[in-house]
Amino acid sequence: MKKRIIRHKTAKSPSGNYVLYWMQQAQRIHYNPALDYALAEAQRMKLCLIVCFVISDEIPEANIRHYRFMIEALPEIALGLASKRIPFHILLGKPQDLIPELGQKARLLVLDHGYLRWQKTWRDEIFNSKLLSDTEIVELDTEATIPVHLVSNKEEYSAATLRRKIVSKLPDWLVYPDPVHYDVPTQDLDLQGIPHYPYSLQDLDALWDWVSTELKLQPSPDIIRSMTGGYNQAQEKLKYFIHNKLSGYAQYRSHPDKDYASELSPYLHFGQISALEIIHKIFGAWQVPVNTLPHLITSKKQQMGKSLNLADYAEELIVRRELSMNFCDHNPNYDSALCLPTWARKTLNDHLLDEREEQYSLDRLEQGETNDKYWNAAQRQMLTTGKMQGYMRMYWGKRLLMWCPSVDEAFEILLYLNNKYELDGRDANAYAGVAWCFGKHDRPWGTRPIFGMVRYMNANGLKRKFDMQAYLAKVDSLRAENEILL
């Protein structure tokens, strides 16, 4: 696990009597490098490990839909840690205040890594806290297959440039070591004066009532009842994907009228499952050696059948996902149109005066009330299910340029809608996906009105490639199912 360390601060006079792991990005027990590192160090030092999870109302753009999905994972985590005799506490407040207060009596504080600005700010404040001058602090990358800082020290131009770097290093990162045996005397924290959940962590309803009351969560948007958070649910989704969808993934994953997505992106966003575990489970189920993965990725165009499906999925899960992590880690403007490459901003700004089809209020866009029935369907799919089909997500993003006076406004609206309704919103993938709609990680194409040289998509292309009537019918049925669940 030491290879995953991003930064390490030694203590001036180490004297603490426990190891503390602040779990935030990696909300799981299995394939969690930060947890396993903390376990190993606690065992080595013969000190108790304690895990804390902080629920904060300062997470940007998080709403009741996101909090509910996140909270659903916590009872499983508590049960798994209890089986190892590891105390687990849910705290309420600002992590940058609470963690230093608890960590000042720890010998070692372990953090998992976040790629977004607010996540980095929290960790910076913890690293710089005067309360932790006598506490060793270690931060590890838990989510990327290969730690982002080891793949590249700069923002990559495209998937192609990052792919080469990932593939060259991937063989050294495909094995996940077994966790160490942990057997030390149990010790717990004194939480007097610290806001925390005081009841049984196995009662999800009681925990949810406490969280929603303490955070004063508003009832809109609706909680997604058709998808439940947590590691066990992620495992069920993965099993279903392997047995029912993976064999048709390469052929049908882009088809809006079909359903070949893994549906694992919300679980990946909340760190409830590891990408490396997904790879291991998929390759294991299909009895393909995992060490063939680098070759499959680089030779994807020459693959067929089983190999093509594995290569296609690995491309999305590893290369594209970690390209978005690289993007957010290195580009401070990842959440605005300022992140776009120079050619893209120039060509879009050159066409600012081009006549737009229509202009819609944010409310009409939010409710899916435009003159484009396919765009409306995609928007309503997101509103009611917390997800949008991948190909439609690209069309949905690009189409907004036809109705907005500038790329800056279109970028802002897309992020607002995506981050409010998508269960996997507010994620590195989300920011990279929106930016891609306007030229990020892409190349110039032929010039046309409004789009300039940015890649164009239109409704005729959808109708030519897919059964769009079937897609419209599917969205209507999904909406009806969700209303019944509510």
Side-chain angles (χ1 to χ4, degrees), residues 24-27 59-62 65-66 69-70 112-120 141-148 151-152 155-156 158-159 162-163 166 227 229 234 237-238 241 249 253-254 261-279 312-331 333-337 339-340 378 381-382 385-398 411 414-442:
Q24 193 269 331
Q25 178 63 51
Q27 298 170 22
I59 300 175
E61 300 179 276
R65 176 174 290 189
H66 307 119
F69 192 88
M70 180 181 74
D112 45 38
H113 179 64
Y115 309 98
L116 304 184
R117 186 182 306 110
W118 60 273
Q119 294 175 310
K120 292 181 177 181
D141 189 324
T142 60
E143 303 310 291
T145 308
I146 308 171
V148 170
V151 174
S152 177
E155 182 184 1
E156 293 296 324
S158 67
L162 184 71
R163 187 183 300 110
I166 285 180
M227 184 174 281
K237 293 283 186 186
L238 178 55
F241 175 65
Y249 183 79
R253 70 181 178 86
S254 294
S262 69
E263 298 186 4
L264 289 170
S265 60
Y267 302 94
L268 287 163
H269 165 72
F270 285 97
Q272 294 173 2
I273 192 170
S274 159
L276 186 56
E277 180 177 7
I278 293 172
I279 289 295
D312 237 21
Y313 188 70
E315 169 76 14
E316 295 300 316
L317 181 64
I318 297 177
V319 178
R320 299 287 174 167
R321 182 167 175 262
E322 295 180 21
L323 177 65
S324 72
M325 295 172 179
N326 167 273
F327 166 54
C328 289
D329 218 36
H330 289 285
N331 194 319
N333 298 312
Y334 64 79
D335 53 355
S336 82
C339 74
L340 299 178
Q381 181 182 20
M382 182 173 66
T385 69
K387 284 190 63 62
M388 186 188 296
Q389 196 275 339
Y391 195 91
M392 291 305 298
R393 214 166 176 173
M394 297 186 290
Y395 175 80
W396 170 81
K398 286 181 173 290
F411 200 106
L414 282 184
L415 278 186
Y416 167 78
L417 295 174
N418 186 88
N419 290 355
K420 180 176 180 179
Y421 292 105
E422 290 275 5
L423 282 173
D424 63 0
R426 307 168 301 108
D427 186 270
N429 261 340
Y431 293 106
V434 168
W436 179 88
C437 293
F438 309 118
K440 188 68 181 178
H441 300 143
D442 205 357

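Keep in mind that this is a model prediction, so the values were computed, not measured.
D141 contributes a side-chain N or O that, together with a main-chain N or O of A144, makes up a donor-acceptor pair within less than 3.5 Å. Panel note: side chain H66, backbone E422; a donor-acceptor pair is recorded below 3.5 Å. For the pair K120 (side chain) and D329 (backbone), a donor-acceptor distance under 3.5 Å is present. Looking at Y249, its side chain never comes within 3.5 Å of a backbone N or O of S262 through a donor-acceptor pair.
R65 is not listed as a side-chain neighbour of K420, based on a closest heavy-atom distance of 4.5 Å or more. Residues L238 and E277 fail the side-chain proximity criterion, which asks for heavy atoms closer than 4.5 Å. Using a 4.5 Å heavy-atom cutoff, the side chains of T145 and E322 are in contact. A 4.5 Å side-chain heavy-atom check between Y267 and M227 finds at least one atom pair inside the cut-off. Residues I318 and I166 have side chains in contact (heavy-atom distance under 4.5 Å, counting atoms from C-beta outward). Side-chain contact between D112 and E143 is absent, with no heavy-atom pair separated by less than 4.5 Å. Counting only heavy atoms from C-beta outward, the side chains of P266 and K387 approach each other to under 4.5 Å. At a threshold of 4.5 Å between non-hydrogen side-chain atoms, the residues L268 and I278 count as touching.
Taking CE of M388 as the reference point, atom CG of N418 lies at 7.5 Å (rounded to 0.5 Å). Once rounded to the nearest 0.5 Å, the distance linking CE of M394 with CE of M392 reads 10.0 Å. We find the CG-CZ distance between D335 and R117 to be 4.0 Å, quoted to the nearest 0.5 Å. Separation of atoms CD1 (I146) and OG (S152) is listed at 11.5 Å; rounding is to 0.5 Å. The CD1 atom of I279 sits 5.0 Å away from the CG atom of L317 when rounded to the nearest 0.5 Å.
A salt bridge does not link E316 with R321: every distance from a Lys NZ or Arg NE/NH1/NH2 to an Asp or Glu carboxylate oxygen is 4.0 Å or more. Using a 4.0 Å cut-off between charged nitrogen and carboxylate oxygen, D442 and K398 do not count as a salt-bridge pair.
The shortest heavy-atom contact between N331 and N333 is OD1-N, 2.9 Å. Pairing each heavy atom of D427 with each of D424, the nearest pair is CB-O, 3.2 Å. The two residues Y391 and Q389 have their closest heavy-atom pair at N-OE1, 2.9 Å. Residue L116 comes nearest to C328 through the heavy atom pair CD2-SG, 3.9 Å, listed as atom of the first residue, atom of the second, then distance. Contact between L264 and A234 at its shortest, heavy atoms only, is CD2-O, 3.5 Å.
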Enumerate, atom names and distances included, each donor-acceptor pair closer than 3.5 Å involving a side-chain atom of residues 430-441, sequence neighbours excluded.
from : atom 1 : to   : atom 2 : distance (Å)
Y431 : OH     : N419 : ND2    : 3.4
K440 : NZ     : E155 : OE2    : 2.5
K440 : NZ     : C339 : O      : 3.3

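You'll find the ring centres of F241 and Y313 inside the 6.0 Å limit.
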Audit row: R163, R320, side chain to side chain contact (heavy atoms under 4.5 Å, CB included) steps and yes/no = CA-CA 9 Å; R163 187 183 300 110; R320 299 287 174 167; 4.0 Å; yes
*W396 and L417: CA distance, side-chain angles, deciding distance, side chain to side chain contact (heavy atoms under 4.5 Å, CB included) verdict*: CA-CA 11 Å; W396 170 81; L417 295 174; 3.8 Å; yes
(Q) Please determine whether side chain to side chain contact (heavy atoms under 4.5 Å, CB included) holds for the pair L323 and E156, giving the CA-CA distance in whole Å, both sets of side-chain angles, and the decisive distance to 0.1 Å. (A) CA-CA 7 Å; L323 177 65; E156 293 296 324; 4.2 Å; yes
Trace of the side chain to side chain contact (heavy atoms under 4.5 Å, CB included) decision for Q272 with F69 | CA-CA 10 Å; Q272 294 173 2; F69 192 88; 3.5 Å; yes
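No hydrogens or angles considered: nothing links the side chains of T142 and Q25 as a donor-acceptor pair under 3.5 Å.
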